[in-house]
2 protein chains.
Amino acid sequence: MDLKKRSECPISSSLDVWGDKWSLLIVRDLMMCKQCTYSDFLKSDEKIATNILASRLQMLEANAIITKEDHPQSKAKVLYKLTQKGIDLLPLMIEINLWADKYFTLPTDRKQLLDHVKEDKEAFIKEKTAELLK
Amino acid sequence: MDLKKRSECPISSSLDVWGDKWSLLIVRDLMMCKQCTYSDFLKSDEKIATNILASRLQMLEANAIITKEDHPQSKAKVLYKLTQKGIDLLPLMIEINLWADKYFTLPTDRKQLLDHVKEDKEAFIKEKTAELLK
DNA sequence: CCGCATCCCTATAGATACTG
DNA sequence: CAGTATCTATAGGGATGCGG
């Protein structure tokens, strides 16, 4: 993965970290499920390849967006979670959803969730952040 | 460039359009300058290659994020501008900046602009949108 | 000059098979 | 289950060409 910083621009620097077709989908999964195993990510609709998943998880961990933990039950499993830095991507993720809502057709369950978000964006962010931190 | 939609997820669909290392930098340039020529984009700090720039401009135009116009003075020049759909990426761009502000060191001019945005985000979006539409 | 298109070459993304 | 290894396709950098 890319490591070099292309410029001092905050947009550019951010894209250097998660500006590819997969990283934010991993973040999305972790926001939906709070914690995921490696195979949970593989099950997502977009069907990420295993090597890409491994490299993105490494990259996101190296950039302190996610952390790895041992699974409490199974020694074989690993749990991935968002860090505070990762959770702080929530407002960004919401804006992506709002933009997509305007220009694409969303699945009904997402549409409903988003309608709830729209009612009080700040409140939703607070609630969700607290839930993800627990 | 990628055209196929990987899933119905709004995040995924959005990333299919602008989820690469360059597209949002083009959008950024157009938000800063309102209109840019081909060579303006080439002058940006990140030094995009000409073939990449051409393919991204095509892609963004095909997805109705930007439009091409004849330059009023020079017949040889072309002006690129954001469409409403492109301008609607502004809240998203702001959130990227806010996230970057929390975890990176911003250049002082950007920092100042962002402090102004923070004072009243909604007002800034309205003002900027109006300016970009003019 | 300006806006690309083309070519060449390298680096990275990605699909699939496989392993501890 | 959580990743590697291997192989191929595509993205991307850099130079150059070329019509308007």
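Only this structure's heavy atoms are used, side chains among them; waters, hydrogens and symmetry mates stay out. Throughout, protein chains are lettered first and strands after them, A, B, ... in sequence-line order, and every chain is numbered starting at 1.
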Item to complete: Please determine if B/Lys68 forms a cation-pi arrangement with B/Tyr38, meaning its NZ or CZ atom is less than 6.0 Å from the six-membered ring centre and no more than 45° off the ring axis.
Response: no
Worksheet item: What pair of heavy atoms forms the shortest contact from A/Asp29 to A/Ser44, and how long is it?
Response: OD2-OG, 2.7 Å
Worksheet item: Would one find a side-chain N or O of B/Arg56 under 4.0 angstrom from OP1 or OP2 of D/dA11?
Response: no
Worksheet item: At under 4.0 Å, does any side-chain N or O of A/Trp22 touch on OP1 or OP2 of C/dG14?
Response: yes
Discussion item. What does the B/S/- profile of nucleotides 2-9 of chain D look like, 5' to 3', with a 4.0 Å heavy-atom cutoff to protein?
Written reply: SBBBB---
Worksheet item: Taking only residues at least two apart or on different chains, which pairs with a member in residues 124-134 of chain A satisfy side-chain hydrogen bond (donor to acceptor under 3.5 Å, both in side chains)?
Response: none
In whole Å, I'd like the distance from the [atom1] atom of [X] to the [atom2] atom of [N].
X       : N      : atom1 : atom2 : value
B/Lys47 : D/dG12 : NZ    : P     : 18 Å
A/Ile26 : C/dG14 : CD1   : P     : 11 Å
B/Gln35 : C/dG3  : CD    : P     : 13 Å
B/Glu46 : D/dG12 : CD    : C1'   : 15 Å
B/Asp20 : C/dA13 : CG    : P     : 12 Å
B/Ile66 : C/dG3  : CD1   : C1'   : 13 Å
B/Ile52 : C/dG3  : CD1   : P     : 18 Å
B/Asp70 : C/dC4  : CG    : P     : 11 Å

Practice prompt. May I ask you to decide whether B/Asp70 forms a salt bridge with B/Lys77, counting only side-chain N to carboxylate O separations under 4.0 Å?
Written response: no
Discussion item. Between the side chains of B/Arg6 and B/Asp16, is the shortest nitrogen-to-carboxylate-oxygen separation below 4.0 Å, so that they form an ion pair?
Written reply: yes
Discussion item. Using five base pairs at each end to define the local axes, how bent is the helix from C/dC1-D/dG20 to C/dG20-D/dC1, to the nearest 10°?
Written reply: 30°
Worksheet item: Got a sec, which pairs hit salt bridge (Lys or Arg N to Asp or Glu O under 4.0 Å) with one end in residues 78-97 of chain B, sequence neighbours left out?
Response: A/Lys102-B/Asp88, B/Glu95-B/Lys121
Worksheet item: Under the salt bridge (Lys or Arg N to Asp or Glu O under 4.0 Å) rule, what pairs show up with a residue in residues 35-53 of chain B, not counting sequence neighbours?
Response: B/Arg28-B/Glu46, B/Asp40-B/Lys43
Discussion item. Atom CG of residue position A/Asp120 - does it have more than 12 heavy atoms of other residues, nucleotides or ligands inside 6.0 Å?
Written reply: yes
Worksheet item: For B/Lys118, what residues pass the side chain to side chain donor-acceptor pair (under 3.5 Å) criterion, not counting sequence neighbours?
Response: B/Asp101
